[in-house]
2 protein chains.
Amino acid sequence: MARPVDPERHLRRRLHIIDAALTRFAADGFDGASTAAICRTAGIGSGTFFHYFPTKVDVLLAILELGTDEASAFFRTQDGRDDPVEVLLAYVDHEADSLRDERAGGFVRAVGAVATHERVAVALARHQEVVRDALAPWVQRARDAGAIRTDLPAAQTIRWVLALIDGFATQTAEGPGFDARAESAVLLDTVRRFLRPADGG
Amino acid sequence: MARPVDPERHLRRRLHIIDAALTRFAADGFDGASTAAICRTAGIGSGTFFHYFPTKVDVLLAILELGTDEASAFFRTQDGRDDPVEVLLAYVDHEADSLRDERAGGFVRAVGAVATHERVAVALARHQEVVRDALAPWVQRARDAGAIRTDLPAAQTIRWVLALIDGFATQTAEGPGFDARAESAVLLDTVRRFLRPADGG
DNA sequence: CAGTTAATGGAGTGCGCACTCTAGTTATGA
DNA sequence: TCATAACTAGAGTGCGCACTCCATTAACTG
């Protein structure tokens with residue numbers, strides 16, 4: 001036997017390609033980003049690219065998977081917290097933070113464009129499922145505590161919180177005049193307003 | 001001279017193609033929708049397609065322009081109304097209504113994907129400008145009347161209202177379990193909550 | 001009717017792309 | 001140091017696409 005794969009080196013290289021692909025996807029969209037351009041950005045040949053990923057979509061899927069893992073990791077850090085509303089807001093803040101990466105907005109757009117692609121759709125569904133499932137118990141606790149509105153079903157409440165984050169994300173993609181710090185404060189405030197129990201009456 | 005263009009017929013045909021293109025863009029994205037597929041949907045040959053539109057993007061631009069015109073038209077109907085907050089909410093409701101078309105969500109995604117395309121970017125900028133400029137005086141009046149919050153600059157308030165609509169739009173693209181009527185009520189409520197003057201203190 | 005031009009379909013074309021093949025290099029185990 | 005296999009680059013390939021060209025038909029004018 002000779003030259004076994006060095007898992008660490010392999011992983012580093014993969015991440016390098018992923019990073020370049022993220023840059024190109026964000027700038028030019030999924031279809032707009034040619035594998036040639038990704039290779040140029042990464043400083044590699046196409047042979048190398050396809051040595052690490054069988055297909056262009058597979059890079060995208062790898063990025064999405066990374067995102068899903070990251071979300072799971074976040075929720076693991078929240079285990080055992082007391083105030084459920086704080087956890088919800090922490091998640092929102094966490095997402096807003098991720099969107100500070102200037103490529104994030106463009107990437108979200110790029111993903112949306114190929115959301116009809118079967119494998120992408122599956123990945124997105126899985127991501128959403130992870131987030132929803134992680135959020136659900138906290139929302140339930142918050143409802144039980146009377147800390148948030150109960151006029152909407154819990155599932156719908158969650159969907160809307162995610163929708164608010166999405167709205168924030170689209171703004172980040174819209175070029176200049178966007179101060180991520182100031183805006184993320186508005187996002188948090190907006191979510192708080194959204195969650196507030198309905199006025200009596 | 002012989003056979004002058006019949007403007008009405010020409011326009012009808014254009015609209016027919018536009019409609020088919022909208023369907024395909026929404027279902028498959030901009031790049032995913034081939035001109036051949038659009039032609040098949042429209043029941044025409046490619047020669048006809050390119051007789052009416054010089055380029056695939058031009059169909060997209062035509063759709064966007066239609067949308068911009070429609071927005072202008074809406075605001076013209078609001079001239080002379082009394083309650084500025086009502087106008088803001090009416091616009092939101094109007095947008096939610098447009099998004100009832102099941103193709104709308106997919107189309108929004110498709111547009112986002114090619115938002116980097118120069119001509120598309122220009123069209124989107126113009127649309128936004130029209131909407132912002134139309135909304136601005138109403139927001140100003142609402143602020144002066146103390147009917148909405150003033151802790152955010154007016155421009156930012158407008159941007160966020162549009163962002164909330166965007167969040168709603170993304171939900172419509174996410175398949176089943178989406179009751180447009182119920183959700184648009186939530187959207188209106190959310191916008192109301194967002195606009196409400198900040199709590200004293 | 002004849003003359004003219006819009007309208008239409010569809011075969012054809014050239015190009016750009018994702019992906020393949022291959023030859024050469026590097027790192028490892030025996 | 002030799003055998004083996006991972007790694008790498010880049011030329012090559014086939015296909016799908018936007019768009020063109022042309023022949024035919026439809027509709028109008030005089």
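So you know, we letter chains A, B, ... as the sequences are listed, proteins then strands, and number each from 1. As the structure is a computational prediction, the values presented were derived from the model and not from experiment.
- Atom-to-atom distance recorded for B/Asp166:CG and A/Thr170:OG1 is 4.0 Å, nearest 0.5 angstrom.
- A/Ile17 places its CD1 atom 8 Å from the P atom of D/dT8, with the value rounded to the nearest Å.
- Using cut-offs of 30° and 60° on the angle between ring planes, the pair A/Trp160 and B/Phe168 is tilted.
- Counting to the nearest Å, the P atom of D/dA18 and the CG atom of B/Asp28 are 11 Å from each other.
- In this structure, A/Arg12 does not pair ionically with A/Asp6, as no charged nitrogen and carboxylate oxygen lie closer than 4.0 Å.
- The distance between atom CZ of B/Arg14 and atom P of C/dA6, rounded to the nearest whole Å, is 17 Å.
- No side-chain N or O of B/Gln156 forms a donor-acceptor pair with one of B/Arg159 less than 3.5 Å apart.
- At a threshold of 4.0 angstrom between heavy atoms, the contacts of A/Ala37 with the nucleic acid are absent.
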>> Each nucleotide in nucleotides 8-15 of chain C should get exactly one letter: B, S or -. Can you fill that in based on protein heavy atoms under 4.0 Å?
In response: BBBB----
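- We find that CZ of A/Phe50 is positioned 5 Å from C1' of C/dC19, with the value rounded to whole Å.
- When the nucleotides C/dA6, D/dC28, D/dA18 are ranked by their closest atom to the side chain of B/Val5, C/dA6 comes out on top.
- Atom-to-atom, CG of B/Asp6 to C1' of D/dC28 comes out at 11 Å; the value is rounded to the nearest Å.
- Looking at which nucleotide of DNA chain D each of A/His10 and B/Pro4 is closest to, the 5′-most match is held by A/His10.
- The aromatic rings of A/Phe75 and A/Tyr91 sit parallel, their planes meeting at an angle under 30°, below the 60° perpendicular limit.
- A straight line from CD1 of A/Ile38 to P of C/dC19 spans 10 Å, rounded to a whole angstrom.
- With values rounded to the nearest 0.5 angstrom, A/Thr41 atom OG1 is found 8.5 Å from A/Asp28 atom CG.
- Put simply, CZ on B/Phe53 is 13 Å from P on C/dA7, counting in whole angstrom units.
- A donor and an acceptor atom never sit less than 3.5 Å apart when one is taken from the side chain of A/Arg3 and the other from the base of C/dA27.
- Computed from coordinates, the B/Leu60 CG to D/dA18 P distance equals 13 Å when rounded to whole Å.
- Ring geometry for A/Phe74 against A/His94 counts as parallel: the plane angle stays under 30°, on a 0 to 90° scale with 60° as the upper cut.
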